[in-house]
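Chain letters run A, B, ... following the sequence lines, proteins first and then strands; every chain starts at 1. Quantities reported herein were computed from a predicted structural model and do not represent experimental measurements.
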Number of protein chains: 2
Amino acid sequence: MKIDHTSDKDLSAQIATAIRDAIISGQLPVDKRLPSEAELADQFEVSRPTVREALKRLAAQSLIRTQRGATGGAFVNRLTFEDAYGQQITTSTLLLSMNAVSFETACEARYALERACAVLSAGRREADHLATMRAEIHRQAQPGLSDEAFCASDVAFHRALVDGARNPVLSYQLAGAVEAMQPLMNMITFSARSREEIIALHTRIADAIETQKPDLADAALRELQDYTIALANAVIAERAAQQT
Amino acid sequence: MKIDHTSDKDLSAQIATAIRDAIISGQLPVDKRLPSEAELADQFEVSRPTVREALKRLAAQSLIRTQRGATGGAFVNRLTFEDAYGQQITTSTLLLSMNAVSFETACEARYALERACAVLSAGRREADHLATMRAEIHRQAQPGLSDEAFCASDVAFHRALVDGARNPVLSYQLAGAVEAMQPLMNMITFSARSREEIIALHTRIADAIETQKPDLADAALRELQDYTIALANAVIAERAAQQT
DNA sequence: AGGTTTTTAAATGTCTTACAATTAAAAAGG
DNA sequence: CCTTTTTAATTGTAAGACATTTAAAAACCT
């Protein structure tokens with residue numbers, strides 16, 4: 001394996017791409033040990049620091065893991081959902097914070113995904129997820145609950161709803177959207193009135209899933225989406241006013 | 001800014017995390033130039049290669065870009081949707097290829113997302129996306145079309161359907177699911193019979209969006225999902241038989 | 001004075017060499 | 001045969017040098 005030393009791209013980027021392609025194509029199976037840094041340097045005809053930069057790029061994407069010591073080295077990493085979560089969350093958070101996406105667009109995407117999950121959840125009707133949802137609703141109704149705790153419980157409720165779909169791909173995609181919205185959600189002060197409203201909608205959603213009526217869940221989630229956007233817009237407006 | 005030299009984690013990983021956090025929190029705004037590698041090495045009390053490894057980690061996540069020359073350096077990168085696409089695709093492809101996810105699960109997630117988009121598309125009913133869908137349907141019906149071309153047109157059709165939702169977050173999430181499934185889809189040989197079936201479903205979807213009937217689009221997409229899984233399962237079974 | 005060319009300096013990209021730290025296997029010793 | 005010590009392989013880190021690129025500054029020539 002060699003590398004184009006005259007290309008305008010970094011050698012480390014080229015090497016990273018070459019190895020990444022080998023992993024994606026399956027030439028390098030999971031848990032396979034890569035050649036040592038010194039060997040890679042020989043093969044690609046570059047120095048060890050350059051190889052290391054390439055390996056760090058791959059490590060940043062959780063494509064490899066490294067181990068020190070005699071039997072150490074770089075190994076092809078089996079990508080876990082946890083890894084995928086993490087990357088999805090960083091990416092989504094940045095997309096939102098760098099103003100590439102409006103809060104409303106993110107919210108629309110999130111609730112579109114949630115409605116899709118709710119339909120599947122209703123079809124599967126997992127007892128444990130339903131129990132979690134009920135428990136979180138109960139917690140949300142307790143007086144004296146701080147806004148942070150209410151928010152955390154809200155996340156737990158939605159997480160149970162989504163996980164009830166039993167589709168890890170949907171779960172991990174949603175994780176990004178939910179996490180990215182969290183900073184703004186945490187700024188909301190939930191009045192007694194708005195909590196009531198939210199709890200009522202949560203109850204409707206749980207009921208709909210328990211009685212396996214996806215269209216009712218769909219409708220309740222739509223209302224919740226509108227309500228969330230309204231609350232968030234109020235915070236955004238307030239923040240804008242303060243900055244003036 | 002300093003770093004814990006006694007931690008069990010790599011210094012480059014710690015530095016990357018520190019800078020990443022600064023970017024995510026907004027301390028380092030978009031297009032802000034980071035200190036030069038030499039300055040960072042001083043600040044973190046490490047060597048320049050270590051700093052460089054950290055920067056390469058960030059570059060791999062499209063968080064920074066680097067430029068050579070007198071006014072060069074590392075700059076905080078504005079994350080584009082294209083960047084996000086790329087990462088989403090790598091992650092999804094690997095999740096699928098490393099058998100963390102079954103084809104059926106990926107397909108379910110994909111079509112759940114597509115149905116969510118179709119509902120939005122029907123509501124917005126963009127003329128240009130509808131025209132693209134019709135054009136692709138027409139192309140798919142042409143005799144003598146190769147399987148690859150049929151497949152490519154299929155992707156274009158779905159892309160138009162999704163983009164019609166006018167929600168870039170949903171578009172980029174779906175990109176991963178669609179791309180990840182592509183290798184397997186490309187192995188399918190589409191018989192005249194199955195093409196007919198698919199084209200009929202595509203037509204129903206386009207009609208449903210044109211007449212703004214989201215439930216009809218939903219139903220057609222469900223059938224398409226089942227049909228896709230059936231076709232893919234046939235390929236998988238065939239492949240398994242050949243390997244025996 | 002104004003435009004063109006040359007020089008310069010700053011920055012990243014790469015290489016070389018060296019040493020520290022870690023770890024498992026091999027060797028030594030009881 | 002078990003325990004301890006040594007050894008070798010490998011990654012992690014450091015320091016210094018040079019190459020390359022780039023834009024700005026300086027010099028130069030109309």
S.K.: Thinking salt bridges, do Glu108(B) and Arg124(A) make one under a 4.0 Å N-O criterion?
M.R.: yes
S.K.: Between Thr91(B) and Tyr85(A), do the side chains contain a donor N or O and an acceptor N or O under 3.5 Å apart?
M.R.: no
S.K.: What's the CG-P distance between Leu40(B) and dA14(D), to the nearest Å?
M.R.: 14 Å
S.K.: I'd like a list of close polar pairs between nucleotides 26-28 of chain D and the protein, N/O only, cut-off under 3.5 Å.
M.R.:
none

S.K.: I'd like to know if the side chain of Glu104(B) pairs up with that of Ser102(B) as donor and acceptor (distance under 3.5 Å, no hydrogens or angles considered).
M.R.: no
S.K.: Mapping Thr71(A) and Asp10(A) to their closest nucleotides on DNA chain C, which lands nearer the 5' end?
M.R.: Asp10(A)
S.K.: Judged by each residue's nearest nucleotide on DNA chain C, which is more toward the 5′ side, Gly69(B) or Glu53(A)?
M.R.: Gly69(B)
S.K.: Under a 3.5 Å cutoff, is there a donor and acceptor pairing between the side chains of Arg110(B) and Gln225(B)?
M.R.: no
S.K.: Grab the CZ-P distance between Arg33(B) and dA10(C) for me, whole Å please.
M.R.: 12 Å
S.K.: Given atom CD of Glu39(B) and atom P of dA10(C), what is their separation to the nearest angstrom?
M.R.: 11 Å
S.K.: Determine whether the side chains of Asp163(B) and Ser171(B) contain a donor N or O and an acceptor N or O closer than 3.5 Å.
M.R.: yes
S.K.: Kindly determine whether Tyr111(B) and Thr228(B) satisfy side chain to side chain donor-acceptor pair (under 3.5 Å), including the steps that lead there.
M.R.: CA-CA 10 Å; Tyr111(B) 277 96; Thr228(B) 304; 3.3 Å; yes
S.K.: Between Asp10(A) and Arg68(B), does any NZ, NE, NH1 or NH2 come within less than 4.0 Å of an OD or OE carboxylate oxygen?
M.R.: no
S.K.: I'd like to know if the side chain of Gln87(B) pairs up with that of Gln61(A) as donor and acceptor (distance under 3.5 Å, no hydrogens or angles considered).
M.R.: no
S.K.: Which protein N or O atoms sit under 3.5 Å from an N or O of nucleotides 15-17 of chain C?
M.R.:
{"unit_1": "dC15(C)", "atom_1": "OP2", "unit_2": "Ser47(A)", "atom_2": "N", "d": "2.9"}
{"unit_1": "dC15(C)", "atom_1": "OP2", "unit_2": "Ser47(A)", "atom_2": "OG", "d": "3.0"}
{"unit_1": "dC15(C)", "atom_1": "OP2", "unit_2": "Thr50(A)", "atom_2": "OG1", "d": "2.8"}

S.K.: If you measure from the Lys or Arg side-chain nitrogens to the Asp or Glu carboxylate oxygens, is any gap between Arg57(A) and Glu53(A) under 4.0 Å?
M.R.: no
S.K.: Rounded to the nearest angstrom, tell me the gap between atom CD1 in Ile15(B) and atom C1' in dA14(D).
M.R.: 13 Å
S.K.: Apply side chain to side chain donor-acceptor pair (under 3.5 Å) to the pair Asp147(A) and Thr189(A), showing each step before the final yes or no.
M.R.: CA-CA 6 Å; Asp147(A) 278 342; Thr189(A) 45; 5.0 Å; no
S.K.: Whole Å only: how far is the CZ atom of Phe75(B) from the C1' atom of dA10(C)?
M.R.: 12 Å
S.K.: Which ones in residues 57-68 of chain A lie close to DNA chain D, meaning a heavy atom under 4.0 Å from one of its atoms?
M.R.: Thr66(A), Gln67(A), Arg68(A)
S.K.: Do any N or O atoms from the side chain of Asn167(A) and from the backbone of Leu170(A) form a donor-acceptor pair under 3.5 angstrom?
M.R.: yes
S.K.: If only side-chain N and O atoms of Lys56(B) are considered, is one of them under 4.0 Å from the OP1 or OP2 phosphate oxygen of dG13(C)?
M.R.: yes
S.K.: Look at Arg52(B) and dG13(C) and indicate whether a side-chain polar atom (N or O) is within less than 4.0 Å of OP1 or OP2.
M.R.: yes
S.K.: Measure CD/Glu37(B) against P/dT20(D) and give the value in whole Å, please.
M.R.: 17 Å
